[in-house]
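First up is the structure itself, then whatever we jot down about it.
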Amino acid sequence: MTAASEFGLIRTTADVESIFENRTIPAGMTGTVLEARPDGSCLAEFSFAPQTADSDGDFAQGILTRDQYETIET
């Protein structure tokens with residue numbers, strides 16, 4: 001398994017709790033890594049609804065352990 005890298009893409013493999021809104025980020029969501037940590041964990045941001053000219057979007061951040069995500073090769 002490849003560890004996350006900053007600004008890389010990941011996909012959750014398990015439900016994860018968000019760190020601010022007390023929401024569940026469901027398994028299968030794609031997110032962007034904001035911070036990669038040496039132990040393989042990472043801070044990532046997930047978009048429930050995209051930002052548009054009329055809306056700020058709906059985003060959540062979560063801290064994932066190495067077994068809660070898989071990397072997406074671009």
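The minimum heavy-atom distance between Ser47 and Ala49, with the atom names listed, is OG-O, 3.3 Å. Contact record, Asp39 with Ser41: OD1-OG, 2.6 Å, taken as the closest heavy-atom pair. Residues Ala4 and Val33 come closest through the heavy atom pair CB-CG2, 3.8 Å. Taking each heavy atom of Thr30 and Phe46 in turn, the nearest pair found is O-CD2, 3.5 Å. In this structure, Gln61 and Leu34 approach most closely via the heavy-atom pair NE2-CD1, 3.5 Å. Considering all non-hydrogen atoms of both residues, Ala60 and Phe48 come closest at CB-CE1, 3.7 Å.
The distance from atom CD of Glu45 to atom CD1 of Ile19, rounded to the nearest 0.5 Å, is 9.5 Å.
The environment of CG in Asn22 is sparse: at most 12 heavy-atom neighbours from other residues, nucleotides or ligands sit within 6.0 Å.
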Handout entry: Derivation of the salt bridge (Lys or Arg N to Asp or Glu O under 4.0 Å) call for Arg23 and Asp58
Key = CA-CA 12 Å; Arg23 296 169 64 182; Asp58 185 11; 2.7 Å; yes
Exercise for the section: Could you go through the side-chain hydrogen bond (donor to acceptor under 3.5 Å, both in side chains) check for Asp54 and Thr52 one step at a time? Expected result: CA-CA 5 Å; Asp54 300 322; Thr52 66; 5.2 Å; no
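Ile63 has its side chain within reach of Arg37: a pair of non-hydrogen atoms, C-beta onward, lies under 4.5 Å apart. In this structure the side chain of Cys42 reaches within 4.5 angstrom of the side chain of Ile10, judged on heavy atoms.
For the 3.5 Å distance criterion, the side chains of Thr24 and Glu17 qualify, holding a donor opposite an acceptor.
Between the side chain of Thr12 and the main chain of Tyr69, no donor-acceptor pair closer than 3.5 Å is present.
Cluster membership for Phe20 and Leu43, using ILVMFWY side-chain heavy atoms within less than 4.5 angstrom, is shared.
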